[in-house]
Amino acid sequence: MARRGLLAATAATGLTLATVSFARAEDRPGPGPDGPLRTRTVRGTLPVGSPDYVYLPVEVPRGVAEFAVSYAYGKPPVPPGTQGNALDIGLFDERGTALGGRGFRGWSGGARTSFFVRADAATPGYLPGPVRPGTWHIALAPYTVAPEGLPYEVTVTLRLGESAPAPTPVYPPERARGRGRAWYRGDCHLHSTHSDGRRTPAEVAAAARAAGLDFINSSEHNTTSAHAAWEGLWGDDLLILTGEEITTRNGHVLAVGTDPGVFVDWRYRARDHRFGRYARQVRRAGGLVVPAHPHATCIGCNWKFGLAEADAVEVWNGPWTPDDEVALAAWDNALVAAAGKGDDGPGRWLPAMGSSDAHREPDRVGHPQTVVLAEELSRQAVLAGIRAGRSYLAESAALTLSLGATDGRGRHAGIGERLRAAADAPVTVRLEVSGAAADCTVRLVTDQGTLLTTPLPASGAGVVEWRTTPAHAAYVRAEVRHAPAVPGLPGALAALTNPVFLDTENIRATGTEG
C-alpha cells in the first residue's frame, strides 16, 4: 500500500503523512508460538526542502503485543559537493508527538534499519513497554536529501497476542566507594549500541576501566534506553552517570548526570527559541548542560544556540583536530569576560571539558578525559566539581597535572579558583606535570596570550614556576602539547587546565556560577 504526500502540520516542527490503518488487515501466522502478524508497507518520496520531521501515523488496534518497523530508502549517486540521502527514524506511541516527548518510545537515527518494541523488551535505542491501542507515529527525519528527492519504504508489522510482564528498570547507583576528596577521572561523552556506537554497554564499561576512569556518563543520541542497560556493570571502582546527547539540527549538547529515565527533546532549531526550556529541564533533573564539539564541521554539529544556558563546554572531543583548536581559542576568548572589573565583580565563566565521543574501535574511551576534584565519587560531588571548574583535561590516565598560584602572604588558589591580591603583588604560578610524552612542551596562557613556553624533560615529568602579578595576568591556565606535526602550527594537546584567576583586591571574589 503506497501513501504519498505531506498532509498536516504538527506541533513538533514537522508534517504528517496519511494514516496507516490495520482495520481490514488479514492475519498471517507468526513465527513459532508467537501470535498472528499484521503487516502494512508505505512508500513515498520526500522532496528537497522537506521539514526536519515527517510523521507516519499508525492506527494500533487492541490486542497487539509487539510493534515492529523496518525501513529502507534510495541512495542515488550525487555530483561532487552535493549532499546525498540520509534518513533517520524513531517512534512515538499513542500519547502523541508533542514537544516534550511524553509519547517518546525510541530513536535510532540512521544506526539501524529495523526495530521493535514490546512490553518486556525493545531494540536498543527504544523503550520497552505495553503496545497500547491508539495512533502511534513513526518519525522520519530527512537529515539530507539528494536533488531528485528521497524515496523511502516503511514496513510496519503488528504481532497480536498477550503482552509479557514489563520488567522494572534497574538504574546505576549515585555513589561509588571512591577515595574521599580526590581527583577523579571521567569520560562524559560515550556511545554504545543504544545509539550509533558499536560497543555494548558491557564493552564500554570494560574499556572505561582499562583506561583508568573512575566515572562515565551514558550519552546516547536522543534516547534514554541505555539508562537501564548498565545493571551489573558499575562497582566500587566505577560510577556510571545517566544522560543524553541531545542532537538537534543546530548542534549537539550533552545532558550530563541527569536523573535516570529523564528524556530531553531534541526537535527544534535555534530559530525556534526553545533551547532554554530544555536546558532548564536538564538542570531540574540534576544534570549539567554541556555543548559538545561546538565547532565541528559535520552537518548540524556546529553549535548555534549560544552559551548563556551552558554549565561547561566541550573544547576537546576525541583525537585533537583543527575544530578543537578553534573551540579552545573561542573558550579562551570568553574567559576574559570572567576576569572583567565590573561593579558586580568578576563575571560568570564556563569550565572546559574533554571527552572521547568514542563510538567503536579504534576510538579510545578516555581520550581525552576530564579529571575532577570532587569531595567523593558520587554524582552530586562530581557534577559540582565540573560546574565549579575544578578540573583539567588529559589525553590518558598516565598524565597528571597540578596548577596553583600563591602570593607573598601565603594565600593560594588552585584550578578553578580565584586568588585575591594587590594589583602589583608578586604571584608565583607553579605547574607540576608527570606522565607526559617525551616530545611535550608546556605553555602558560593568560588573557594576553601565551607568555611562557618551555619543553618538558624527556622523562615527561617536570615543574615549571613563573612569576607575575594580578595586573599583568587576569588568569593563568596551562597547556601541555605534543611536538607540532606541521612546522609553524601548534602541536596536539596532551593536557589542558581550567584557569586560576588572579583578582585584584578591590574586586569582590565570587564563586563559580553554574
Side-chain angles (χ1 to χ4, degrees), residues 187-189 245 250-254 290-307 310 312-339 349-359 362-364 366-371 386 389 391-396 399 401 403 415 431 433 436-437 439-456 460 464 473-500:
D187 191 341
C188 291
H189 189 171
E245 183 174 5
N250 284 158
H252 303 183
V253 58
L254 301 173
V290 184
H293 45 67
H295 293 274
T297 57
C298 49
I299 295 175
C301 296
N302 194 278
W303 185 249
K304 298 183 182 297
F305 293 90
L307 297 175
V313 61
E314 187 184 74
V315 303
W316 186 357
N317 176 275
W320 189 255
T321 58
D323 55 89
D324 294 313
E325 198 72 57
V326 175
L328 174 60
W331 171 72
D332 185 74
N333 290 342
L335 291 178
V336 177
W349 69 284
L350 287 182
M353 286 185 64
S355 304
S356 71
D357 198 2
H359 284 68
D363 298 351
R364 287 170 49 196
H367 180 203
Q369 54 196 245
T370 300
V371 190
I386 294 173
S391 60
Y392 64 90
L393 320 182
E395 65 180 356
S396 77
L399 205 158
L401 297 181
L403 176 69
I415 296 172
L431 173 70
V433 182
D439 69 338
C440 282
T441 296
V442 166
R443 295 166 37 146
L444 294 183
V445 183
T446 77
D447 53 311
Q448 294 186 70
T450 301
L451 296 188
L452 177 69
T453 301
T454 184
L456 281 171
V464 176
Y475 60 84
V476 182
R477 61 177 184 82
E479 297 177 3
V480 180
R481 286 186 180 258
H482 291 284
V486 178
L489 295 180
L493 267 188
L496 168 73
T497 73
N498 276 301
V500 179

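One-based numbering along the sequence shown. All values derive from a computational prediction rather than experimental measurement.
- Checked by atom type and distance alone, the side chain of Asp187 pairs as donor or acceptor with a backbone atom of Ser356 at under 3.5 Å.
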Given Leu335 and Asp447, is the side-chain contact (heavy atoms from CB on, under 4.5 Å) satisfied, shown in steps?
-> CA-CA 8 Å; Leu335 291 178; Asp447 53 311; over 6 Å; no
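- Side-chain contact between Arg481 and Trp320 is present, with at least one heavy-atom pair separated by less than 4.5 Å.
- Between the Arg443 side chain and the Glu479 main chain, no donor and acceptor come within less than 3.5 Å of each other.
- Put simply, the side chain of Val313 reaches to within 4.5 Å of the side chain of Pro294, judged on heavy atoms.
- Without hydrogens or angle criteria, Asp324 side chain to Asn317 main chain gives a donor-acceptor distance under 3.5 Å.
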Start with the C-alpha distance between Leu451 and Leu444, add both sets of side-chain angles, then the distance that settles side-chain contact (heavy atoms from CB on, under 4.5 Å), and finish with yes or no.
-> CA-CA 6 Å; Leu451 296 188; Leu444 294 183; 5.9 Å; no
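- Looking only at atom types and distance, the side chain of Tyr475 has no donor-acceptor partner in the side chain of Asn498 under 3.5 Å away.
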Would you check, one step at a time, whether the test side-chain contact (heavy atoms from CB on, under 4.5 Å) holds for Trp316 with Leu493?
-> CA-CA 9 Å; Trp316 186 357; Leu493 267 188; 3.9 Å; yes
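- Between Ile415 and Leu403, some side-chain heavy-atom pair lies under the 4.5 Å cut-off.
- With rounding to the nearest 0.5 angstrom, the NE2 atom of His295 is 11.5 Å from the OG1 atom of Thr321.
- Test Val480, Leu401, Val445, Leu393 against Leu496 for side-chain contact (heavy atoms from CB on, under 4.5 Å) and you get one pass: Leu393.
- Side-chain contact between Ser396 and Arg364 is present, with heavy atoms from C-beta onward closer than 4.5 Å.
- With contacts defined as side-chain heavy-atom distances shorter than 4.5 Å, the pair Met353/His189 does not qualify.
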For side-chain contact (heavy atoms from CB on, under 4.5 Å), just list the numbers for Cys301 and His293, CA-CA rounded to whole Å, side-chain angles, deciding distance to a tenth of an Å, and then say yes or no.
-> CA-CA 7 Å; Cys301 296; His293 45 67; 4.1 Å; yes
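- One distance of note links CG of Leu456 with OG1 of Thr441; it measures 7.0 Å at 0.5 Å rounding.
- Of the possible donor and acceptor atoms, one in the side chain of Thr370 sits under 3.5 Å from a partner among the backbone N and O of Gly354.
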